[in-house]
Amino acid sequence: MLVLAILGMAGCNNTQAKEPTAQPLPVQTKTVNLAAVPRVDEYVATVKSRRSATIQPQVDGTLTRILVKSGDHVRAGQLLMTIDPLKQQATVDQQHSTEAQKKAVLDFNKNEVERQRRLFESGVTSKRDYESAVQAYENSKADWEASTAARVTQQRELDYYNLTAPFAAVVEDIPVRVGDYVTPQTLLTTIDENAQLEAYIYIPTERAADIRMGLPVQIVTSSGALIETTQVYFVSQQVDNALQGILVKAPVHSPLDRFRNSQLVKARVVWSTAPTPTVPVLAVSRIGGQAFVYVVAQSDKGALAKQRAVTLGDTVGNDYAVAAGLQAGDKVIVSGIQFLVDGVPVQPVN
């Protein structure tokens with residue numbers, strides 16, 4: 001029995017010695033480097049044109065003609081619409097008649113002054129009569145000049161019944177129709193020239209101390225792709241009561257067919273740029289919303305894959321900026337992370 005026990009123990013030891021050891025998993029790694037990562041905030045901006053105008057009348061009346069349609073290209077000074085001018089034309093004609101009457105009185109008093117002057121110099125009339133004639137002439141002259149000024153004013157107001165384009169542009173929607181009664185509060189149409197575009201960005205007041213002229217602004221697509229980089233060139237001194245934000249403007253230089261007036265876009269305001277660790281997007285895994293990466297750690301048994309929680313920032317190309325969890329020089333595993341568990345032996349192949 002003793003011999004059998006010894007033989008059994010020897011067999012167990014041979015079995016344990018033959019158990020295979022775990023082979024290191026070949027993986028590719030990448031050394032964490034510092035990259036210049038901008039610290040940005042993203043806002044919704046509105047693109048506006050400095051060459052945009054709403055056409056509203058300056059007088060009341062009935063719309064008699066609409067000479068353009070939506071989409072028409074118009075030149076500066078081109079006639080767009082007319083309002084019935086008959087009432088104003090009658091006022092102008094009346095002023096013409098009044099002016100002619102005042103002129104006739106002026107001419108008569110002018111001749112009377114000359115006649116009274118000759119009589120006074122001949123001793124026929126008194127100085128009082130001559131001075132009365134001069135006074136009557138001066139009064140009629142002032143009366144005629146006032147009538148002339150009133151006629152010119154009414155004549156100029158007659159021009160308000162013809163609405164023209166202030167600059168070359170494209171006609172937008174025309175909500176009114178011929179026959180509508182319009183007032184100075186009526187919107188007739190809008191004309192836009194898709195040029196000299198600006199991005200209007202409202203920044204929360206909490207950032208007021210950081211706002212400055214020349215601040216970099218990135219205009220991006222809805223997916224985050226960069227369209228263009230520009231700079232703040234206007235900072236409002238007032239806070240918008242409704243939005244509780246500070247208006248800043250930045251010029252938009254992209255091709256004019258890329259944007260339209262009043263279009264909403266995403267704008268990233270770059271507050272600063274600092275060296276920050278970055279990690280490839282493919283090296284990041286998530287568990288319960290927490291981001292993790294696997295780094296290579298050396299131990300007595302060789303290289304091991306150690307799972308490490310990280311705090312991610314914005315994407316920089318194909319990498320994530322890492323706010324916490326990694327340092328420059330760490331080796332991050334970038335291949336086969338779906339097969340890794342914490343502490344598994346690995347064999348870096350690069």
Side-chain angles (χ1 to χ4, degrees), residues 51-70 72-169 171-191 193:
R51 301 280 288 180
S52 178
T54 56
I55 306 301
Q56 293 178 265
Q58 300 186 58
V59 294
D60 299 346
T62 302
L63 204 61
T64 56
R65 290 191 301 167
I66 300 177
L67 304 175
V68 294
K69 63 181 184 299
S70 297
D72 282 355
H73 292 260
V74 295
R75 64 183 184 278
Q78 181 175 335
L79 185 62
L80 305 177
M81 305 177 188
T82 61
I83 299 172
D84 186 2
L86 293 181
K87 183 177 180 181
Q88 182 63 23
Q89 186 63 58
T91 302
V92 173
D93 294 341
Q94 181 181 1
Q95 286 294 334
H96 272 292
S97 300
T98 302
E99 182 183 7
Q101 179 186 8
K102 302 296 184 182
K103 186 64 167 61
V105 173
L106 175 63
D107 292 341
F108 173 80
N109 288 333
K110 183 178 181 181
N111 294 331
E112 183 64 16
V113 167
E114 185 62 22
R115 189 174 71 86
Q116 289 294 334
R117 184 185 65 81
R118 290 195 300 267
L119 292 175
F120 171 68
E121 291 176 351
S122 301
V124 177
T125 59
S126 64
K127 184 177 181 181
R128 181 185 181 89
D129 293 336
Y130 172 65
E131 290 176 346
S132 297
V134 172
Q135 182 64 41
Y137 168 73
E138 294 295 338
N139 291 341
S140 60
K141 181 180 179 182
D143 202 12
W144 172 73
E145 290 175 347
S147 179
T148 301
R151 190 263 306 165
V152 171
T153 300
Q154 295 298 329
Q155 185 72 45
R156 289 177 178 172
E157 188 171 340
L158 188 61
D159 295 336
Y160 295 156
Y161 290 80
N162 295 321
L163 293 105
T164 58
F167 49 80
V171 179
E172 300 295 335
D173 182 45
I174 302 176
V176 293
R177 300 292 181 268
V178 172
D180 287 352
Y181 187 83
V182 297
T183 68
Q185 289 73 42
T186 305
L187 174 62
L188 302 181
T189 187
T190 303
I191 63 171
E193 181 184 7

S.K.: Between Val171 and Ile191, is any pair of side-chain heavy atoms under 4.5 Å apart?
M.R.: yes

S.K.: For a 4.5 angstrom cut-off between non-hydrogen side-chain atoms, does Thr186 reach Pro175?
M.R.: no

S.K.: Just by modelled atom types, is the Ala136 backbone N or O under 3.5 Å from a matching donor or acceptor in the Asn109 side chain?
M.R.: yes

S.K.: Answer yes or no: is there a side-chain heavy-atom contact under 4.5 Å between Gln89 and Leu158?
M.R.: yes

S.K.: Shortest non-hydrogen contact from Val74 to Ala165?
M.R.: CG2-CB, 3.9 Å

S.K.: Consider side chain to side chain contact (heavy atoms under 4.5 Å, CB included). Of Thr82, Val176, Val178, which one does Leu63 pass it with?
M.R.: Val176

S.K.: Can you give me the closest heavy-atom contact between Ala76 and Pro166, atom names plus distance?
M.R.: CB-O, 4.2 Å

S.K.: Is there a side-chain contact between Gln154 and Glu157, using heavy atoms and a 4.5 Å cut-off?
M.R.: yes

S.K.: Report yes or no: does Thr164 contribute a side-chain atom to a donor-acceptor pair with the main-chain N or O of Gln78 at less than 3.5 Å?
M.R.: no

S.K.: Answer yes or no: is there a side-chain heavy-atom contact under 4.5 Å between Val182 and Met81?
M.R.: no

S.K.: Report yes if the side chains of Arg115 and Asn111 come closer than 4.5 Å at any heavy-atom pair, otherwise no.
M.R.: no

S.K.: Donor-acceptor pair, distance only, cut-off 3.5 Å: does the side chain of Ser122 make one with the backbone of Arg118?
M.R.: yes

S.K.: Of all residues at least two apart in sequence or in a different chain, which pass the side-chain contact (heavy atoms from CB on, under 4.5 Å) check with Ser97?
M.R.: none

S.K.: Nearest heavy-atom pair of Ala133 and Gln116: which atoms, and what distance?
M.R.: CB-CG, 3.6 Å

S.K.: Taking all atoms of both residues into account, what is the closest heavy-atom pair of Asp60 and Ile83, and its distance?
M.R.: O-CG2, 4.2 Å

S.K.: Using modelled atom types and a 3.5 Å cut-off, is there a donor and acceptor pairing between side-chain atoms of Asp72 and backbone atoms of Lys69?
M.R.: yes

S.K.: For atom CD of Glu145, is the number of surrounding heavy atoms from other residues, nucleotides or ligands below 6.0 Å larger than 12?
M.R.: yes

S.K.: On a heavy-atom basis, which atom in Ala150 and which in Gln95 lie closest, and how many Å separate them?
M.R.: CB-OE1, 3.5 Å

S.K.: Quick check: do Trp144 and Val105 have side-chain heavy atoms less than 4.5 Å from each other?
M.R.: no

S.K.: Before giving the answer on salt bridge (Lys or Arg N to Asp or Glu O under 4.0 Å), spell out for Arg117 and Glu114 the whole-Å C-alpha distance, their side-chain angles and the decisive distance to 0.1 Å.
M.R.: CA-CA 5 Å; Arg117 184 185 65 81; Glu114 185 62 22; 2.4 Å; yes

S.K.: Which residue pairs pass the ring pair (Phe, Tyr, Trp, His ring centres under 6.0 Å) test with at least one member in residues 99-139, sequence neighbours excluded?
M.R.: Phe120-Tyr130

S.K.: Between Glu99 and Lys102, is there a salt bridge with N-O shorter than 4.0 Å?
M.R.: no

S.K.: Could you tell me whether Lys110 and Asp107 have a side-chain N and a carboxylate O separated by less than 4.0 Å?
M.R.: no

S.K.: Shortest non-hydrogen contact from Glu172 to Ser70?
M.R.: O-OG, 2.9 Å

S.K.: Between His96 and Gln155, is there a side-chain heavy-atom distance shorter than 4.5 Å?
M.R.: yes

